[in-house]
Amino acid sequence: MQQEAPTITLCRTKHLRFSVVLLVLWSGLAAAAQQDPFPSEVPKDFKVDMETAAHLRRELLAESVAATGPYITGRLVFDRLAAQAKPPRGLSLNWQLRIIENGLSNAYSSPDGTVYIENGLARIVGASSGLWAAVLSHEIAHIMRRDWARRYLYQKSLQNSGAAGIVLGDPSLPSSDWMDTNKASQEMALFCRRLEVEADREGLMLMVRAGYHPDFVPALHHLLHAQTLDSAPASLYAMHPCWEERDRELSRAYSDASIEFEHRWPEWYSSPGGNPPVVVFADAPTMHKTASKQWEIQIPIRCQNLAGAVEVVLHTRRDPEKVSPVVQVSAADGREADLELRQLTGCTSPKTTLTFDVGDVSTSQRSHTRWTDVYVLDFRGKVLARADLPRWKH
């Protein structure tokens, strides 16, 4: 499994084969575009995205397999979501779910209505129809919004306003015509992050109409966040918002979508997605010095749909610079260099704060070891949320 955070992708791809395909797609769009500054909607006569997708369809299908066998839950959810989707006016979509068996954990959508899920991501969501709905509704929203065309038209507006061209697809691929500038790249990245959040919002309402509780979306985001230990600060050039930013941007949308779901599905258990999952929002931990070489860490969390308790684990790593995906934290996982402190909580208040007395923050009993991250686990030991500890200041 790759070490970077899994992403649900429109504006970026990490798989070289698909990077090349996406570059071809954007090249085809560039050859036919005559639009001026970026419009609020895609012009009705703009069909190049659909024509290029049709041209590349055979190659994309050859790189993927049908969603059958272990992926049947995804296909059933996809069919239900697609039945609720309203295609853009004047366009005929060929809704289809395909699986890319490359071991990676991303998702892509094509303008023609086909969604591609890498099997690493399929394994993460497993047999949960609600988690499948969270992945697929986002990609279907990209298609309904024609975000391929939106991105291209915005890029052209940057070029027409005097900015240099934007590197599309994989920036490591050679290009003789495209250049990169800080201003243009930042503006393009900001626009892509906006597309992702808007697709999240529309995907939430699509899930509600199809019968899947919107809480599966933050549950998915937190699960994907837990797959990486990368705690680097958000970049101005990031094409996707970080998980914490998505929570902030969607807080009002979660609330509105939940109200609509309750109106449509008053008996949650009878909805196609069943009862909503336990969702834990872990705020940024803080550290306080209580005495000479004595510290405490406070971790605020908020729980939704919890019946019982969750376990909060304060974790260390011998070498925080060498990271690997973590799906489950366990005292018996064989990593003798790691230390853990654990507390159970029932989240009985709107915001529960747990305090850990950690003594010397350098955990001097083991050299080169630092407290680095926090996990919140359910009763089965599966990760519900992860938070990064701030860097220590001695």
Side-chain angles (χ1 to χ4, degrees), residues 1-26 53 56-57 59-75 77-78 96-110 114-128 131-140 142-143 147-148 167-173 192-193 195-196 199-200 203 217 219-232 235 237-243 246 322-328 382-383 386:
M1 185 177 292
Q2 64 189 136
Q3 293 189 356
E4 294 187 32
T7 55
I8 300 176
T9 303
L10 169 76
C11 290
R12 179 185 180 197
T13 175
K14 300 185 181 70
H15 188 214
L16 180 59
R17 180 66 170 172
F18 273 77
S19 295
V20 174
V21 170
L22 298 187
L23 281 167
V24 173
L25 174 60
W26 290 118
L56 295 173
R57 181 173 176 81
E59 183 175 357
L60 292 171
L61 292 181
E63 294 287 329
S64 58
V65 299
T68 58
Y71 313 115
I72 191 64
T73 298
R75 197 200 75 188
V77 172
F78 181 82
Q96 190 174 2
L97 175 63
R98 304 285 294 181
I99 306 297
I100 308 165
E101 295 187 321
N102 59 4
L104 303 181
S105 303
N106 296 323
Y108 318 108
S109 56
S110 175
T114 307
V115 172
Y116 299 89
I117 305 296
E118 293 177 338
N119 64 340
L121 180 57
R123 286 195 295 268
I124 290 173
V125 300
S128 169
L131 292 178
W132 271 105
V135 172
L136 297 172
S137 63
H138 176 94
E139 296 303 323
I140 291 173
H142 276 315
I143 295 169
D147 280 342
W148 279 96
V167 177
L168 301 176
D170 190 331
S172 67
L173 296 178
C192 280
R193 293 197 299 271
L195 289 184
E196 294 301 316
D200 279 341
V217 170
L220 173 70
H221 291 173
H222 298 173
L223 182 59
L224 295 180
H225 182 207
Q227 304 303 303
T228 176
L229 302 180
D230 184 10
S231 58
S235 168
Y237 306 103
M239 296 294 190
H240 279 72
C242 66
W243 305 116
R246 275 182 139 139
K322 295 181 180 180
V323 299
S324 59
V326 172
V327 178
Q328 181 169 345
K382 292 187 177 181
V383 176
R386 183 179 73 82

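- Applying the side-chain hydrogen bond (donor to acceptor under 3.5 Å, both in side chains) rule to Thr114 yields the partners Arg57, Asp112; only residues at least two apart in sequence or on another chain are considered.
- Checked against side-chain contact (heavy atoms from CB on, under 4.5 Å), Ala67 has the following partners two or more places apart in sequence or in another chain: Tyr71, Arg75, Leu97, Ile99.
- For the pair Glu196 and Arg246, the salt-bridge criterion is met [side-chain N within less than 4.0 Å of a carboxylate O].
- For the atom pair Ile100 CD1 and Ile117 CD1, the distance stands at 8.0 Å (nearest 0.5 Å).
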For the pair Leu131 and Ile124, evaluate side-chain contact (heavy atoms from CB on, under 4.5 Å) and give the outcome as yes or no after the intermediate values. CA-CA 9 Å; Leu131 292 178; Ile124 290 173; over 6 Å; no
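- For the pair Leu136 and Gly74, the tightest heavy-atom approach, listed with the atom from each and the gap, is CD1-O, 3.4 Å.
- Interatomic distance, OH of Tyr108 versus CD of Glu118, reported as 3.5 Å (0.5 Å rounding).
- Trp243 contributes no side-chain N or O that, together with a main-chain N or O of Leu223, makes up a donor-acceptor pair within less than 3.5 Å.
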Do Leu121 and Asn106 pass the side-chain contact (heavy atoms from CB on, under 4.5 Å) test, and can you show the C-alpha distance, the side-chain angles, and the key distance before you say yes or no? CA-CA 6 Å; Leu121 180 57; Asn106 296 323; 6.0 Å; no
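- Going from atom CG of Asn102 over to atom OG of Ser64 covers 10.5 Å, rounded to the nearest 0.5 Å.
- Asp200 contributes no side-chain N or O that, together with a main-chain N or O of His138, makes up a donor-acceptor pair within less than 3.5 Å.
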With side-chain contact (heavy atoms from CB on, under 4.5 Å) as the test, would you mind laying out the steps for Leu220 and Trp132 before giving the verdict? CA-CA 9 Å; Leu220 173 70; Trp132 271 105; over 6 Å; no
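- Nearest approach of Ala226 to Val383, heavy atoms of both residues: CB-CG1, 3.3 Å.
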